[in-house]
Asks: 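Shown below is the structure under consideration.
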There are 2 protein chains.
Amino acid sequence: MTANPIQCKVTDALNTVVGKWKPTILLNLHFKGTMRFSELMNNIPDITQKMLTSQLRELEKEDLIVRVVYPQIPPKVEYSISEHGKTLQPIFDMLHEWGVTHLEHMHTNTVEALEVK
Amino acid sequence: MTANPIQCKVTDALNTVVGKWKPTILLNLHFKGTMRFSELMNNIPDITQKMLTSQLRELEKEDLIVRVVYPQIPPKVEYSISEHGKTLQPIFDMLHEWGVTHLEHMHTNTVEALEVK
DNA sequence: CGGCATCCAAATCGATACTG
DNA sequence: CAGTATCGATTTGGATGCCG
């Protein structure tokens with residue numbers, strides 16, 4: 001990571017946001033607001049407890065989400081997007097739009113390739 | 001990936017762009033234009049031939065870069081950003097800005113935490 | 001309920017050797 | 001020069017069991 005100065009921070013930004021489940025977690029919290037651990041489990045099919053826990057810890061360290069523990073039995077833990085985490089929203093919006101366009105683009109290319117046949 | 005419709009394409013977009021070296025490759029090609037395989041190797045420290053090759057193949061499949069082979073000896077292969085790949089540029093710009101802000105934010109928090117001590 | 005610890009499987013990455 | 005092939009190491013993810 002040397003060549004151009006701009007490089008450095010792009011990958012840094014990506015590294016804080018990627019990880020198999022991080023975008024999904026952030027988007028869930030964005031749309032549904034505060035959620036409990038079990039709610040996240042239910043809303044993210046196929047994720048395991050271990051993965052959810054570890055990804056939440058990392059997001060917390062990066063100050064993208066807030067973790068609130070209620071000292072009671074049974075335990076209750078709530079997660080929500082931090083103020084700082086909300087600054088990611090415009091980027092997600094752009095990524096979503098680009099994703100849609102990209103899929104259309106790839107689909108078009110495939111169809112064209114088939115038609116040439 | 002069920003809950004909210006927007007989720008799907010965000011992760012799709014991220015998946016096409018991430019990968020340990022993909023952003024670096026794309027940024028190099030963006031800033032320096034067309035580059036040969038060996039030039040990329042020289043400009044991306046620590047990357048191995050294997051990684052560079054595989055990442056280039058994936059980027060090519062996703063139509064983000066163009067690969068041109070000159071049938072000569074010794075071989076010459078040039079890579080450049082595709083028209084479609086150029087549409088990623090605004091996203092990289094945003095990611096870079098966010099990355100800078102994020103690093104500042106994290107640094108500020110660390111300093112505050114130390115001062116509280 | 002919301003974890004952590006452990007063990008195991010799979011994907012990813014790196015080093016090396018070889019080729020047209 | 002620009003790869004391919006192979007092997008081994010590292011990283012990552014999943015399954016299970018246990019705990020306050």
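So you know, we letter chains A, B, ... as the sequences are listed, proteins then strands, and number each from 1.
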Asks: Using only side-chain N and O atoms of B:Ser38, determine if any of them is under 4.0 Å from OP1 or OP2 of D:dA2.
Replies: yes
Asks: Give B:Tyr79 one of three labels, base, sugar-phosphate or nothing, depending on what nucleic acid heavy atoms sit under 4.0 Å from its own.
Replies: sugar-phosphate
Asks: Measure from CD on A:Gln72 to C1' on C:dG3 and round the result to the nearest Å.
Replies: 15 Å
Asks: Is the backbone N or O of A:Glu78 less than 3.5 Å from a side-chain atom of A:Thr34, with the two atoms forming a donor-acceptor pair by type?
Replies: no
Asks: Starting at atom NZ of B:Lys22, determine the distance to atom P of C:dT12, rounded to an integer number of angstrom.
Replies: 10 Å
Asks: Would you check, one step at a time, whether the test salt bridge (Lys or Arg N to Asp or Glu O under 4.0 Å) holds for A:Glu83 with A:Lys86?
Replies: CA-CA 5 Å; A:Glu83 284 308 309; A:Lys86 288 179 184 170; 3.1 Å; yes
Asks: Provide, to the nearest angstrom, the distance between the CD1 atom belonging to B:Ile47 and the C1' atom belonging to D:dA2.
Replies: 14 Å
Asks: If a protein heavy atom is under 4.0 Å from the base, mark B; if only from the sugar-phosphate, S; if neither, -; do that for nucleotides 15-20 of chain C going 5' to 3'.
Replies: B----B
Asks: Let me know the distance between CG of B:Leu40 and P of D:dC1, rounded to the nearest Å.
Replies: 14 Å
Asks: Is a side-chain donor or acceptor of A:Ser82 paired with a backbone partner of A:Asp63 at a separation under 3.5 angstrom?
Replies: yes
Asks: Can you tell me how far P of D:dA2 sits from CG of B:Leu52, to the nearest Å?
Replies: 10 Å
Asks: With a 4.0 Å limit, can you tell me whether A:Arg57 has a side-chain N or O closer than that to the phosphate oxygens OP1/OP2 of C:dG3?
Replies: yes
Asks: Would you mind telling me which of C:dG3, D:dG3, C:dG14 lies closest to the side-chain atoms of B:Met51?
Replies: C:dG14
Asks: Using atom types as modelled and distance alone, determine if a side-chain donor or acceptor of B:Glu60 lies under 3.5 Å from a backbone N or O of B:Arg57.
Replies: no
Asks: Counting only side-chain N and O atoms of B:Arg36, is one of them less than 4.0 Å from OP1 or OP2 of D:dC1?
Replies: no
Asks: What I want to find out is whether B:Lys22 reaches B:Glu62 closely enough, with some N-O distance under 4.0 Å, to be called a salt bridge.
Replies: yes
Asks: Separation of A:Gln55 atom CD from D:dT11 atom C1', in whole Å?
Replies: 13 Å
Asks: Give the ring-plane orientation class for A:His102 versus B:His84, where under 30° counts as parallel, over 60° as perpendicular and anything between as tilted.
Replies: parallel
